[in-house]
2 protein chains.
Amino acid sequence: MNDQPNTPEESPLAARLCSISGGLTKSEAIIAQWLVLNEATLGLETGSSIASKTGVSEITVSRFLKRAGYKGLQGLKEDLQAALVHAHVSPADRYFRLLDSEIGAILKRDADAVLALAHEVEKPAWPAAIDAIAAADEVFVTGFQTIRGIAEDFTRRLSIVRGSVRFMSPHDGGLVEWIPSFRRADESRCLVLIDMAPYAREALPIVQTARGLGMQVVIVTDELNTWASAESPFVFHVATKVDAFLESTGPMTTLMNVIIHEVAGRAPEKARKRIKDWPPIMRGLGLY
Amino acid sequence: MNDQPNTPEESPLAARLCSISGGLTKSEAIIAQWLVLNEATLGLETGSSIASKTGVSEITVSRFLKRAGYKGLQGLKEDLQAALVHAHVSPADRYFRLLDSEIGAILKRDADAVLALAHEVEKPAWPAAIDAIAAADEVFVTGFQTIRGIAEDFTRRLSIVRGSVRFMSPHDGGLVEWIPSFRRADESRCLVLIDMAPYAREALPIVQTARGLGMQVVIVTDELNTWASAESPFVFHVATKVDAFLESTGPMTTLMNVIIHEVAGRAPEKARKRIKDWPPIMRGLGLY
DNA sequence: ATTAAAATGGTAGCGTTCTGTCATAAACAT
DNA sequence: ATGTTTATGACAGAACGCTACCATTTTAAT
């Protein structure tokens, strides 16, 4: 099922270069071959560096790239980046045509950010964080401003998968739930904090309070957050800058969904049972 | 003997950045973290692109790199290249070592769903829907259950971009806002409904009520929804099934963000002004 | 609160990269 | 051999990325 990103004969770049109509000239062949062989490090090259390494002149490189359909070396680099997304995600190139617009660029970056989440779940801290959420006797969730809703939905959806999950708004009397209860001193508690840099002033003290009470803290935040790592080992970064008017919260939502999926995976039979029970529960509640 | 080309905590770049004597300033910390998180694609970046993505100025990036011991971004790229040669890792599989796993599949499908949004944006109804939202004198937003939070966040974020946006919970006395006011009978109103099939029983009557009051209705829903198209021309479908325990709402969030971006684009100067005014507004409100 | 120090951003200038125009060289056909 | 086409390179202008100088803002210290 997987395409082979490494095999040169299957690389989209190679395919594109080979498909140039009318064959290649000697210099062009040299350039093309060099490009394919060095595809991995193309991003670090520059037009003239390629020229000198292949022994042709700068302008020939430029011309060749344009003939191959790229908009200069910069365009080739962009295409390379986009091709990554396409190669691994789309069954065909059915979207190519659509993705040239401004929105297309935003969508591409969002998709890329989603794929980049693979890095996060790969971290050693990831399974530990999932364990912390799955094993805790009680889970608190919080988030502010324009991602408060994501935090609330996360709470609802996590509640389908495991019990004792509570959204916490620190501003309407929220932290009272945390008053240490000695009757249940042995219970473990976990806080999931969703955070974005522009709105984060309130987050730090909450995390510190939670830590002080012996809670585990899982923090999902954007790339710009720098304080979180000092407070907890369970910090996961999501790319949110997509050059739109506002940041994108889509990838963050995806990550929350993955967390839920993984927590469910820690106790599959229980989770499935809860899901089975869920519709009747809803019906009983009318709508909400 | 094992090479860990991707593990952030072992990367030579990360090591070097961490070892800077005298600690990092706030901006520097942001830059450093961003560099580490995006090391895989650094080759495709440029000084100013990094600056814009991290929210600092070009010159701060330049200064920081010099302080870190690199000779500008070019020097950093050269160092990276040297490291890459050793690691034998192609940027093509930077994410995908683990994408054969179950989570990998989920991420891929989510990313694919995001790209597939290009189809929705391409529909003729799309610009019309954006117009309806942008031009309306008043915009109502609603959504239930596990996507209610998305609807609320959409309300908050759309409020940054244009005024008179209101989240509407039809169950706590919600529809009173709709009582026709003859003083403002000429005002146009628009409803944005976010919907998912499993929870949709309540949505239809709301839409019909809105239509009866002469409102435009924009509906964002999943692939399974069949009734919406009969009620409004502005229906957009998002793929939500990713074979996880629960549906994925990430792509839907992305689509809402795109809507906001487009609405902002309809009145750029006003939108930019609103964004500029936004931080003070927030501060004035304390936190929420 | 006031002052000093540091950090950051804006503007402008330099250097580099990229591309358009023209000229030269090579390949090819007759 | 000659003329024609094509490929390649040299030069220059445009565009962009990078850094030096100065102004402004932020932070820390008293």
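Every chain is numbered from 1, with letters handed out A, B, ... down the list of sequences.
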Point to revise | Nearest-nucleotide pick for A:Ser48, side chain only, options being C:dG20, C:dC18, D:dC18 | key: C:dC18
Check your understanding: Over how many whole Å does the gap from A:Ile31 atom CD1 to D:dT8 atom P extend?
Key -> 8 Å
**Study point:** Atom-to-atom span, NZ of B:Lys77 to P of C:dT16 - whole angstrom
**Key:** 16 Å
**Study point:** Proximal nucleotide (of C:dT8, C:dT19, C:dT21) relative to the A:Arg63 side chain
**Key:** C:dT21
Review point. Under the criterion side-chain contact (heavy atoms from CB on, under 4.5 Å), which of B:Ile59, B:Leu35, B:Thr25 is the partner of B:Phe64?
Key: B:Leu35
Check your understanding: NZ of A:Lys66 versus P of C:dT19: gap in Å, rounded?
Key -> 7 Å
Point to revise | N/O (side chain, B:Thr60) to phosphate O (OP1/OP2, C:dT8) under 4.0 Å | key: no
Review point. C:dT19 P sits how many Å from A:Arg67 CZ, rounded?
Key: 16 Å
Point to revise | Check: B:Ile133 main-chain N/O paired with B:Arg162 side-chain donor or acceptor under 3.5 Å | key: yes
Study note, to complete from the structure: Of the candidates D:dT19, D:dT8, C:dT21, the side chain of B:Glu58 sits closest to D:dT19
Review point. Does B:Ser57 make a side-chain N or O approach to OP1 or OP2 of C:dT8 shorter than 4.0 Å?
Key: no
Review point. How would you label the contact of B:Gln74 with the nucleic acid (heavy atoms, under 4.0 Å): base, sugar-phosphate, or nothing?
Key: nothing
**Study point:** Separation of A:Ser232 OG from A:Gln216 CD (nearest 0.5 Å)
**Key:** 8.0 Å
Review point. Toward the 5' end of DNA chain C, which comes first, B:Val56 or A:Lys71, by nearest nucleotide?
Key: B:Val56
**Study point:** Spacing of A:Leu73 atom CG relative to D:dA15 atom P, expressed in whole Å
**Key:** 19 Å
Exercise for review: Decide yes or no on side-chain contact (heavy atoms from CB on, under 4.5 Å) for A:Glu45 and A:Lys53, but give the supporting numbers first.
Suggested key: CA-CA 10 Å; A:Glu45 298 294 339; A:Lys53 287 182 186 176; 3.0 Å; yes
Revision key, fill the gap. A:Ile50 CD1 to D:dT8 C1', in whole Å, measures 17 Å
Point to revise | Nearest-nucleotide comparison on DNA chain C, the residue closer to the 5′ end among B:Ile59 and A:Ile59 | key: B:Ile59
Check your understanding: For residues B:Thr46 and B:Ser49, is any side-chain donor paired with an opposing acceptor at under 3.5 Å?
Key -> no
Check your understanding: Quick one: on DNA chain D, does B:Thr46 or B:Lys26 contact a more 5' nucleotide (nearest heavy atom)?
Key -> B:Thr46
Review point. Whole Å only: how far is the OH atom of A:Tyr70 from the C1' atom of C:dC18?
Key: 18 Å
Check your understanding: Quick one: B:Leu76 CG to D:dC18 P, roughly how many Å, whole number?
Key -> 11 Å
